[in-house]
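Contents: one structure, followed by commentary.
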Amino acid sequence: MVENKNTVPEEKEVKKLNFLEQIIEEDLKNPIYNNTILTRFPPEPNGYLHIGHAKSICLNFGLAQKYNGLTNLRFDDTNPSKEETEYVESIKEDIHWLGFDWGDREFFASDYFDQLYEWAEKLIRDGYAYVDDQSAEQISKNRMTPQEPGIESPFRNRTPEENLDLFRRMKASEFKEGERVLRAKINMSSPNMHMRDPIMYRIMHVHHHRTGDKWCIYPMYDYAHGQSDYIERISHSICTLEFEVHRPLYDWFLDHVYEEGTVRTKQREFARLNINYTVMSKRKLLELVKDNHVNGWDDPRMPTISGLRRRGYTPASIRLFAEKVGVAKRDNIIDMGLLEYCVREDLNKIAPRVMAVLDPVKIVIDNYPDDKAEEMEVINNPEDETQGSRMLPFSKEIYIERNDFMEDPPKKFFRLAPGREVRLKGAYIIMCNSVVKDDEGHITEIHCTYDEDTRSGGPASNRKVKGTLHWVSAKHAIDAEVRLYDRLFSDENPDGHKDKDYKEFINPDSLQVLTNCKVEPSLKDTKPLTHFQFQRLGYFCTDKDTTAEKPVFNRTVTLRDSWAKKNK
RNA sequence: UGUCCGAUGGUGUAAUUGGCAACACGUCUGAUUCUGGAUCAGAAGAGUCCAGGUUCGAGCCCUGGUCGGACAACCA
């Protein structure tokens, strides 16, 4: 089997398949698949999508792309009491923004209510389903616990005729909510609780966002989901691990409607995404929003798609992240650092560099003419020449970052200090001569001199100095607000504590608003969602709160900072 | 105490399906740099949860444990 070892490989990329790809490739050997697959992304429209959904979206659309197939978007709208059209719009927006398109393959589980109902009648006629008159509490109680068998309902052995009659009357609105349900007749002593005569239909006198008041009985997830998959002829129904226990039930329902010669939908499960220092359940995210711990679903601290977008994440960065985290079946907690790596990776290539000083301190260049002003040509992005250059005004008074100056610096400090020189990026080398302080001892002004020959591109411009600072001309700068974000939780795994509520770990300092920032004039009228690198600081993104009078920027992520790291 | 699933460097994912553990992130060096960024070069770090067994050979197979997760909504 290793015969042609010495034919030697032209180092072709080793394709390592994840377990889903292996299953698919195995399946595809069967001609019934016709060499193609059909996946689906099935959100319930009861909340906003988060990065965990992004993983699933990338997986489902990605797999389909890879194997010559398509992906359906199907809203799992079987519980009208929790679902709203507002959510379906946001979900569609987020998927498109991520870069995926389902064309006209947009469906709703509610599209299939008629078919589902017919199949339910068939199950009743065949003796596989019955109407139960017990209360919710009784049903639940009689299911008992996983280690002891359940108790059969006294209504379990009604005749198909009686069941059919009752079921039709349920549909005809003759009963109140909770009075009756339709149950599958499977096995009350199965060790798998989902097989203990699961409920198929319940009565809900609730208006549905799409079917209006047509129905007062609605199918449960287990019944609706699998059958919807089959109706759409989904080949691979990929979901998260918690549904693994549902699989026998999924298959049981499918057995009762399956037609020979058709593709039989296969459900397979993968481990959901977890990221440290955040939470990833819709319920908890909703709670953070409702209790005002954050400012809405798109708060830049939220792991929602809309939050990440507002924070300044790009679709490509999230897709890269989804690829990097991989897919498997073991529990995982991904390091937030990986997500950050992914944005930096993308933004480094595309974000123009600009000058912004977040915590300004004034520098006066004593030997620079009082009313002189120059325009310095600076490169927009050293990683991408096609982004060209722009002009940046320079004058006698400039601002630099307060922490770029130290009166009494440690040996490895490469920035400005008395008697030291630094380069002002794109301009001159300056030397610090003196410092002016107020009564309290706070530095109010730093006096420097510049060397005219060191202007970028000038005769002495390649003189070596240790540090290069970003800066902004005082009289040309515009004021801006900058919002800095930190992790939302102070604990690595906020909902991993049995005795403590995750909310106890909310980081009180996750948002810091700086209102006294100075940015270069080119940033005057930027549109929300524009990405920049604030030179030496990090990647920033114009916020939707920005106005002509006061631009607002969100910090997406800092630059890697080996200096800060060293000083920890 | 029931059933199902899982266990590989700090984190995540691989290992041609039995051939002496690889990739990415992170970490640490060094080079380079008008961003303490980026880039480039290199290093450290696991012997695969444990114990047996099969085999010339086990991360992959078998047995028994241990630990972790999921499951007892008229939620999805």
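Lettering of chains follows the sequences in order, A, B, ..., and the numbering in each one begins at 1. Because the structure is a prediction, the values reported are computed rather than measured.
- Residue contacts for A:G496: at a heavy-atom cut-off of 4.0 Å it reaches no nucleic acid atom on any strand shown.
- Listed pair A:R143 / B:C74 meets the phosphate criterion, a side-chain N or O lying under 4.0 Å from OP1 or OP2.
- Comparing B:G10 with B:C49, their P atoms are spaced 13 Å from each other, to the whole Å.
- In B:A21 the base sits anti relative to the sugar, since the glycosidic angle is further than 90° from 0.
- For A:S140, a side-chain nitrogen or oxygen approaches OP1 or OP2 of B:A73 to under 4.0 Å.
- The CD-C1' distance, from A:E401 to B:U35, rounds to 13 Å in whole Å.
- In the set B:C71, B:C34, B:G26, B:C71 carries the atom at the smallest distance from any side-chain atom of A:H194.
- Between A:F553 and A:F534, the ring-plane angle classifies as perpendicular under the 30° and 60° cut-offs.
- A sub-4.0 Å separation between OP1 or OP2 of B:A15 and a side-chain N or O of A:Q22 is present.
- Remark: the A:H497 side chain and the A:D491 side chain contain an N/O donor-acceptor pair separated by less than 3.5 Å.
- The aromatic rings of A:Y250 and A:H225 lie tilted to each other, with the angle between the two planes from 30° to 60°.
- Checked for salt-bridge contact, A:R455 and A:E452 miss the test: no charged N lies under 4.0 Å from a carboxylate O.
- Taking only side-chain nitrogens and oxygens, A:K565 comes nearer than 4.0 Å to OP1 or OP2 of B:U27.
- Taking atom P in both B:G37 and B:U27, one finds a spacing of 12 Å when rounded to whole Å.
- When heavy atoms are screened at a 4.0 angstrom cut-off, A:V325 is found touching the sugar-phosphate backbone but no base atom.
- B:A70 and B:G45: their P atoms are spaced 36 Å apart (whole Å).
- Comparing B:C5, B:C34, B:A14 by their closest approach to the side chain of A:K425 singles out B:C34.
- At B:U33, none of the side-chain N or O atoms of A:T468 fall inside 4.0 Å of OP1 or OP2 (strictly under the cut-off).
- Within the 4.0 angstrom heavy-atom criterion, no nucleotide atom of any strand lies near A:E340.
- Electrostatic pairing of A:D453 and A:R463 does not count as a salt bridge here, judged by no charged N lying under 4.0 Å from a carboxylate O.
- Here the side chain of A:I199 is nearest to one of B:U13, B:C74, B:A72, namely B:C74.
- Aromatic ring orientation, A:H53 versus A:F41: perpendicular (interplanar angle above 60°, classes split at 30° and 60°).
- The residue A:H246 sits close to a base: some heavy atom pair falls under 4.0 Å.
- Atom name P, nucleotides B:C60 and B:A15: the rounded distance is 14 Å, in whole Å.
- Taking atom OH on A:Y223 and atom P on B:C75, their separation rounds to 17 Å, with Å as the unit.
- Defined by atom type and a distance below 3.5 Å, a donor-acceptor pair is missing between the side-chain atoms of A:H194 and A:D222.
- Across all strands shown, A:N18 has heavy atoms under 4.0 Å from sugar-phosphate atoms exclusively, and none from any base.
- Closest to the side chain of A:N79, out of B:U35, B:G2, B:A76, is B:A76.
- Phosphate proximity of B:C34 to A:K464: present, with a side-chain N or O under 4.0 Å from OP1 or OP2.
- Checking B:G36, B:C71, B:C75 against the side-chain heavy atoms of A:F413 singles out B:G36 as nearest.
- Between B:G68, B:A76, B:C34, one nucleotide has an atom nearer to the side chain of A:D331 than all others, and that is B:G68.
- Taking atom C1' on both B:U17 and B:U11, the two are 27 Å apart, rounded to the nearest angstrom.
- Residue A:Y221 places no side-chain N or O under 4.0 Å from the OP1 or OP2 atom of B:C75.
- Nearest nucleotide to the side chain of A:A328, out of B:A70, B:U13, B:G37: B:U13.
- Regarding contacts with the backbone of B:U35, every side-chain N or O of A:R415 stays at 4.0 angstrom or more from both OP1 and OP2.
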Practice problem: For ring-ring contact (aromatic ring centres under 6.0 Å, His included), just list the numbers for A:Y428 and A:Y450, CA-CA rounded to whole Å, side-chain angles, deciding distance to a tenth of an Å, and then say yes or no. | Solution: CA-CA 6 Å; A:Y428 299 98; A:Y450 84 119; 4.7 Å; yes
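- The distance from atom CZ of A:F19 to atom P of B:U16 is 17 Å, rounded to the nearest whole Å.
- The base of B:G37 sits within donor-acceptor range of the side chain of A:E383, with an N or O pair under 3.5 Å.
- When the nucleotides B:A76, B:G12, B:C4 are ranked by their closest atom to the side chain of A:I333, B:G12 comes out on top.
- Taking 4.0 angstrom as the limit, A:S135 places none of its side-chain polar atoms (N or O) nearer than this to OP1 or OP2 of B:C74.
- Taking 4.0 Å as the cut-off between side-chain N and carboxylate O, A:E244 and A:K329 count as a salt-bridged pair.
- Here, B:A51 and B:G42 have their C1' atoms 40 Å apart, quoted to the whole Å.
- Across B:G47 and B:U29, the matching P atoms stand 25 Å from one another, rounded to whole Å.
- Applying the 4.0 Å criterion to OP1 and OP2 of B:G36, one finds that A:R560 has every side-chain N and O outside that range.
- The closest side-chain heavy-atom distance from A:P409 to A:R420 is below 4.5 Å.
- Rounded to whole Å, atom C1' of B:C5 lies 13 Å from atom CZ of A:R330.
- Relative orientation of the A:W297 and A:Y48 rings is parallel, given thresholds of 30° and 60° on the angle between their planes.
- Note on A:F243: a base of the nucleic acid sits closer than 4.0 angstrom, heavy atoms only.
- Taking atom CD of A:E177 as the reference point, atom P of B:C75 lies 10 Å away to the nearest angstrom.
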Quiz item: Under a cut-off of 3.5 Å for both distances of each Watson-Crick or G-U pair, what dot-bracket string does RNA chain B give, using [ ] for crossing pairs and | for inter-strand pairs?
Solution: .((((((..((((.....[..)))).(((((.......))))).....(((((..]....))))))))))).....
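- Glycosidic conformation, B:U17: syn, with the torsion inside 90° of 0.
- Atom pair A:M188:CE and B:A72:C1' shows a separation of 11 Å (rounding to whole Å applied).
- Here A:R202 reaches the OP1 or OP2 of B:A76: one of its side-chain N or O atoms lies under 4.0 Å away.
- Base orientation of B:G47: syn, since the glycosidic angle falls within 90° of 0.
- Remark: A:R455 is not in phosphate contact with B:C34, judged by side-chain N or O atoms under 4.0 Å from OP1 or OP2.
- A:N46 has its CG atom 19 Å from the P atom of B:A73, to the nearest Å.
- Nucleic acid contact class of A:E44 (heavy atoms, under 4.0 Å, all strands): sugar-phosphate only.
- Look at the P atom in both B:G19 and B:G57: the space between them is 14 Å, to the nearest Å.
- Ion pairing of A:R158 with A:D133 is present here, as a side-chain N (NZ or NE/NH1/NH2) and a carboxylate O approach within less than 4.0 Å.
- Minimum atom distance to the side chain of A:K412 is reached by B:G36, of the listed B:A76, B:G36, B:C74.
- Here B:G36 presents its P atom at 13 Å from CZ of A:R423, a figure rounded to the nearest Å.
- Side-chain proximity of A:L559 to the nucleotides B:G36, B:C71, B:U35 is greatest for B:U35.
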